[in-house]
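Data first, discussion second: the structure below is written as C-alpha cells.
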Amino acid sequence: SSGINAEYGDGTMWQRLKRFRRRCTMKFLRILLHLAIVSFVTFELSLKFFGPNCMTFDCLVYNLSDIRIPALSTVALPVSQDKSAVTSEQTVKQRKVGPEPDLATLSGEERADLARSRCREVYGDKPKPQNLQYPFENRVFLANREEIAYCAVAKAFSSNIKRVILFLSRPNRNLEKLKKDISPITKIVYPHQLNYWPNSTVLKHYSSDGQAQVLQDYYKFVFVRDPILKAISAYRDKFFSQTDDKFHQFFRRATGKYICVAMAKYRKREDANKFLKSATVDCDRDPAFMDLQAFLVWSFLVPDQFKGNDRDAFNPHWAPSVPICRICDPTVNYNFIGHFEKGLRDIYAIFDRAKWNFPFPSVSDTSITEEEAVAFRKEVDLLPEELMRELNRAVAAERYILGYTNEQPQIIRQ
C-alpha cells in the first residue's frame, strides 16, 4: 500500500480504477444475460409456432401465414350493457371475480379441467349439440392396447396422429424399430379413409353400450386449434394451394362449388354481411373461387340455416371443435386437451403417457410454394380490422372454453 500511495498520492486514483473495472465487468455480465434471454425467447417462440422438427426454410415458409392472427384475436370483446336485450328465457352470467388461470403454463390435463368448468359457465347443464353432419363416433380412433381414445380435429396434427394410431393397431408392430426409422408410419398415405381402419379401432363400429364403456374407461384426448387460425389454414390448404393430387382436386371442385353457390345465393339478401358483399366470389370458374374474406364470413358469420343441409357446408376442416368432438358433453369427459400452437410439447405429453418412445412424424399432406406463401400472407394482411373484430365475437365462446383467452364472452343460457 505504501507503493500505491507513493505513486497515486492518497490512493484516490487507484480507487477510481477499481470502480471503473467493476463497472465494466457488470456491464459485460448484463450484456451476456440479455443475449441469453433473447436467445431463449427466440428458441421458445420457434418451438411455439413451428415445433422442433420444423427448422427448414420450406417448413418455416409453409407456416408463415399463421403468425399474424393471434395478435388480432386478442382484441377485447365488448360485453353488452343492454339489459333489455335479456329475455325471460335468457339470463346473462356475469364474469367471475377471482384470479385468472395462466393459460400459457397449463398442461393438457389442466386445460381439460378448465374446459369442463367453462362449458358449465357457457352452456349450463345442456352440452352444445354435436355436428350431426359428421357424427362424433366417426371421429374417435382407438389405441386399444394403451386404452387411449383420440377425437380428430382437422388442421391440428390430426393426419399424423391418425397415422400413428393406425400403424400401432397392426398386430406385428415393432416400437423399437420406430426409434430409428418411422418411415412405416410416414408411408401411410390416406389415414382419413375409414375403410383402411380395423373395426376395433374406430368408435363407430361399437354398439351403444360398447361406446359408452370405451368413453368411460379409456384415456381420452383431443388436439384443437384457435378457430380463426384453423379456418385460415383450411382455406390455404384446400382452396388457395394449387396441390394437384386427386383428393385436393375433388375437394376444390365439389366442396368448393357447393359452398360458392350457397354463398352467392345468400349474399343477395338485403341483410347479408357487408364483408361478404364486398368479397370476391366467382362460381363460374373451375374450380369455383372465393377469396379468404368471403370464406371466413361464410364459416363464422352466416347463420347455419342459410348453409343448407349438405355436409360440405359444415366440413370439419373449418367446423368448430367444441361440437364436433363433444368437448362440452359430460358423457365424454376428456382427460387431455392439447393445443396445436404449443408445437410438439403437448404431443409428447401423450406419447410419454402411452410409452411411445419414437419421434412424432412430420408429414404434410399439402404442398405450398414460396411464392404462394408470400401471396397468401398478403391476403391475410389485407383482412379488415373490423371484420376481425366480428370474427372474434363469433368465436368468443369456443376460444374461452378451449383456453385461448380469459376474456369471458357474454354468457347466455337458454
Step by step, work out the ring pair (Phe, Tyr, Trp, His ring centres under 6.0 Å) result for Y266 and W298. CA-CA 10 Å; Y266 170 75; W298 170 263; 7.4 Å; no
Assign the ring pair F251 / F239 to parallel, tilted or perpendicular, where the plane angle (0 to 90°) is split at 30° and 60°. tilted
Report yes if the side chains of I148 and L142 come closer than 4.5 Å at any heavy-atom pair, otherwise no. no
So does K220 get a backbone contact from the side chain of N335, meaning a donor-acceptor N/O pair under 3.5 Å? yes
Is any side-chain N of the basic residue among D286 and K257 closer than 4.0 Å to the acidic one's carboxylate O? no
Euclidean distance, I347 CD1 relative to K342 NZ, rounded to 0.5 Å: 14.0 Å
Lys/Arg N to Asp/Glu carboxylate O, K274 vs E390, below 4.0 Å: no
When you compare the side chain of C260 with that of F289, does any pair of heavy atoms fall below 4.5 Å? no
NZ/NE/NH1/NH2 to OD/OE distance under 4.0 Å, R377 and D381: yes
Nearest 0.5 Å please: distance from the OG atom of S299 over to the CE atom of M263. 7.5 Å
Do V395 and D226 have side chains that get closer than 4.5 Å, going by heavy atoms? no
Is a side-chain donor or acceptor of Y206 paired with a backbone partner of S200 at a separation under 3.5 angstrom? yes
Answer yes if the ring centres of F295 and Y235 are under 6.0 angstrom apart, and no otherwise. yes
Would you call the rings of H339 and Y404 parallel, tilted or perpendicular if under 30° counts as parallel and over 60° as perpendicular? parallel
Flag, side chain of R399 to backbone of T405, donor-acceptor distance under 3.5 Å: no
Do the ring planes of Y348 and F360 sit parallel (below 30°), tilted (30 to 60°) or perpendicular (above 60°)? perpendicular
Correct closest heavy-atom pair for G256 and M290 would be O-CE, 3.7 Å
Mind checking whether F336 and F221 have parallel, tilted or perpendicular rings, split at 30° and 60°? perpendicular
Atom CG of L391 and atom CD of Q293: how far apart are they, to the nearest 0.5 Å? 9.5 Å
Does this structure show an ion pair linking R353 with E147, if we count only N-O contacts that are shorter than 4.0 Å? no
For the NZ atom on K277, are there more than 12 heavy atoms of other groups (residues, nucleotides or ligands in this structure) within a distance under 6.0 Å? yes
Can you list the steps and then say if F358 with F351 is a ring pair (Phe, Tyr, Trp, His ring centres under 6.0 Å)? CA-CA 8 Å; F358 54 86; F351 270 46; 5.3 Å; yes
Measuring from atom NZ of K155 to atom OG of S321, what distance do you get when rounded to the nearest 0.5 angstrom? 12.5 Å
Can you tell me how far the CG atom of N392 sits from the CZ atom of F300, to the nearest 0.5 Å? 10.0 Å
Salt bridge (Lys or Arg N to Asp or Glu O under 4.0 Å) evaluation trace for R173 with E146: CA-CA 13 Å; R173 70 181 196 174; E146 294 83 1; 3.0 Å; yes
Go through E109 and Y219 one step at a time and tell me if the side-chain hydrogen bond (donor to acceptor under 3.5 Å, both in side chains) criterion holds. CA-CA 11 Å; E109 293 181 343; Y219 186 89; 2.7 Å; yes
If you draw the axis of the six-membered ring of F240, does the NZ or CZ of R236 fall within 45° of it and under 6.0 Å from the ring centre? no
Please list all pairs meeting disulfide (SG to SG under 2.5 Å) that have one or both residues in residues 210-240, counting only residues at least two apart or in different chains. none
Is it the case that the side chain of E341 and the backbone of R225 share a donor-acceptor pair, with hydrogens and angles ignored and the cut-off at 3.5 Å? no
Taking atom OG of S169 and atom CZ of R145, what is their separation to the nearest 0.5 Å? 8.5 Å
